[in-house]
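Beneath this line is the structure, given in C-alpha cells, with notes to follow.
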Amino acid sequence: MGCHISIVSPVYRGEKLLPQLVERITEEVSKITDSFEIILVNDKSPDKSWAVMQDLVKEHPKLKVVNLSRNFGQQYALAAGLSLAIGNWIATMDCDLQDDPKELVRMYHHAIEHQLDGVLASRSTRKDDWLKRQGSKWFYKTLSYLANSKFDPSIANFYICKRKVFDAISSMGDYYRYLPVMIHWVGFKIQPLAIDHQERTDGVKSSYSFRKRISLAWETIISFSEKPLKLMVSTGFFIAGTAFFIGMLSVIFYLTGNFRVPGWASLILALSIYSGIIISTLG
C-alpha cells in the first residue's frame, strides 16, 4: 500500500531531539496529507537514540525505524532509508531540527505550484560554525571546478522530490552516493528555495569532524569527477616534457663546454622523465 509522502532522516546523536522531531514532522506534514510515513535510520549512534526510536515507534503508527549494524555514514544511512520509502514524494532531512519541518510544507507547495519534480532547501542564513561554512564553501567550489558544473554550498540534505528522481538515482547503481550532487546530475526539473536555518538546541556538537569532512569531500570528488585523473595525466606529461626540454639544453651546454658537474644532470633528468611517464601511466 503506497503513501503520498515519505520523510527519511538519518539519526546520529539525536537522542534528545527525536521525540520533538517526530512530533513536529507529524504536525506539519499532516497539513498536506494524512497519507505519509516517517523513516528514521539509526546510524549506530553511540547514545540512546535507538532505544528512543523503539519507544517512539510504539506511539506513532506512521513511524518506521531502522537500526544499522555499524556506523556507515550519513549518505549510506540515507540510502538505507530511501530503499524502504514508498511515497509518491520523498523528503530527506537531518535529525537535528536545524532544518525546520514547517519549511518542508512550504517546499512541497512550491513544487506543486511551479510544477517541479523537486525542491532543494537553500539555507540562506546558516547557523553553523565559521569553519564548517568555509569548508562547505571551498568544497563546492572545488567540486564545481572538477565536475565542470555549478553546485550551491547552501544546499545540503534537506529536499523533497518526486519518486522518479530517486528511482533514477537508484538505477545508476553507484556504490557511493552523495545525493545533493546526484539530484542535480539526473537532470529533472529541480529548483532551490531559500529557507531559514535554525540553531541546534540540544547542545550536541556536529559529529562531522574536520577529518570526516575532508574524507567526504575526497570521496565525492573522485566519485563524481574524472578531472583528477586527467590532471594527473597532464601533470605527468608536463613533468616528462619539461625534463626532456631541460635535457636538450644540457646536451647543448655539454657540446659548448659549459657543463660543470658531469653525471648529475643525466641522472636527475632520467629520473624526472621516467617519473613523468609513470605518473601519466597511473592516470
- Message: Filter on salt bridge (charged side-chain N to carboxylate O under 4.0 Å, His left out), then keep only pairs touching residues 31-43, sequence neighbours left out; what's left?
- Response: E28-K31, E37-K64
- Results of salt bridge (charged side-chain N to carboxylate O under 4.0 Å, His left out) for D47 - residues two or more places apart only: none
- Q191: partners by side-chain contact (heavy atoms from CB on, under 4.5 Å), with sequence neighbours left out: H110, L116
- Ignoring hydrogens and angles, tell me if any N or O in the side chain of S170 forms a donor-acceptor pair with the backbone of D167 under 3.5 Å. no
- Task: Please list, chain by chain and in numerical order, all residues satisfying side-chain contact (heavy atoms from CB on, under 4.5 Å) with P46, sequence neighbours excluded.
- Result: Y12, R13
- Note on the structure: Heavy-atom nearest pair, C3 first then S6, reads SG-OG, 3.7 Å
- Note on the structure: The side-chain contact (heavy atoms from CB on, under 4.5 Å) partners of L84 (sequence neighbours excluded) come to I39, V66
N/O donor-acceptor pairs under 3.5 Å from side chains in residues 230-242, not counting sequence neighbours:
| residue | atom | partner | partner atom | Å |
| --- | --- | --- | --- | --- |
| K230 | NZ | E226 | OE2 | 2.9 |
| S234 | OG | K230 | O | 3.0 |
| T235 | OG1 | L231 | O | 2.7 |
| T242 | OG1 | F238 | O | 2.7 |

- Pairs satisfying salt bridge (charged side-chain N to carboxylate O under 4.0 Å, His left out), at least one member in residues 233-242, at least two apart: none
- Task: Could you name each residue pair satisfying salt bridge (charged side-chain N to carboxylate O under 4.0 Å, His left out) that touches residues 105-122, not counting sequence neighbours?
- Result: E103-R106, D117-K162, D117-K164
- Could I get the full list of side-chain hydrogen bond (donor to acceptor under 3.5 Å, both in side chains) partners for N42, not counting sequence neighbours? N67
- R70 to F72 six-membered ring, cation-pi geometry met (6.0 Å, 45°): yes
- Residues that Y108 engages under ring pair (Phe, Tyr, Trp, His ring centres under 6.0 Å), provided they are two or more places apart: H4, W89
